[in-house]
Amino acid sequence: MSAVTIYHNPRCGTSRKALDLIRAKGIEPTIIEYLQTPPSASELDRILSLLKMEPRELMRKKEDEYKTLKLDRSELTRKDLISAMVKHPILIERPIVLSKGKAALGRPPENVAAIL
């Protein structure tokens, strides 16, 4: 596995820009197309901890699944929200880059430079 991993959606311009930025630094990352291969619940929990974020902060609230599943309900636990993200990876904001025990959300793509 590469020292740098990107949870990537090739259809997303921001994700492609983050990948280009990584490659411009001479790094060929491990690319995980998270819509096909979502992170496990434990991996997503670890990523959230590295990002210092709560699950809702990493969720795409404008996605139909967010509304359909009523994920805005306050009684939902961290575990509930992580489970929803694993089952419906479209809910996960992207790109997420992991490097050297750190994580960055590539919004904007320049955010990833700090951990490379």
Could you pull out the closest heavy-atom pair between Ala103 and Leu50, with the gap in Å? CB-CB, 3.6 Å
Looking only at heavy atoms, which two atoms of Pro95 and Ala18 are closest? And how far apart? CG-CB, 3.6 Å
Taking every non-hydrogen atom, the tightest pair across Pro55 and Ile82: CG-CG1, 4.0 Å
As an exercise, state the distance from CG of Leu69 to CG of Asp64, rounded to the nearest 0.5 Å. 10.5 Å
Salt bridge Asp72-Lys61, side-chain N to carboxylate O under 4.0 Å: no
Could you grab the distance from atom CD1 of Ile27 to atom OG1 of Thr30, nearest 0.5 Å is fine? 11.5 Å
To the nearest 0.5 Å, what is the distance between CD1 (Ile47) and CG (Leu98)? 5.0 Å
Checking side chain to side chain contact (heavy atoms under 4.5 Å, CB included) against Arg107, which of Val112, Ile96, Thr14 comes through? Thr14
Taken to the nearest 0.5 Å, the spacing of Cys12 SG from Glu93 CD works out to 7.5 Å
Around atom NZ of Lys67, are there more than 12 heavy atoms of other residues, nucleotides or ligands at under 6.0 Å? yes
Does the side-chain contact (heavy atoms from CB on, under 4.5 Å) test come out yes or no for Asp45 and Arg78, once each step is laid out? CA-CA 9 Å; Asp45 188 48; Arg78 179 181 178 92; 2.8 Å; yes
Would you give the length of the straight line joining atom CE of Met85 to atom CG of Leu48, rounded to the nearest 0.5 angstrom? 5.5 Å
Strictly by modelled atom types, are Ser83 and Asp80 linked by a side-chain donor-acceptor pair under 3.5 Å? no
Is Arg56 paired with Glu54 through a side-chain N to carboxylate O contact shorter than 4.0 Å? no
So, Thr37 side chain and Ile32 main chain: donor-acceptor pair closer than 3.5 Å or not? no
With rounding to the nearest 0.5 Å, note down the distance linking CD in Glu33 to CZ in Arg11. 11.5 Å
How about Arg60 and Arg94: do any of their side-chain heavy atoms sit closer than 4.5 Å? yes
Closest approach of Ile115 and Ser99, non-hydrogen atoms and distance? O-OG, 3.0 Å
Any donor-acceptor N/O pair, Arg16 side chain to Pro10 backbone, under 3.5 Å: yes
List the atom of Leu105, the atom of Leu51, and the distance in Å for their closest heavy-atom pair. N-CD2, 3.6 Å
In short, Tyr34 meets Pro89 closest at the heavy-atom pair CE1-O, 3.1 Å
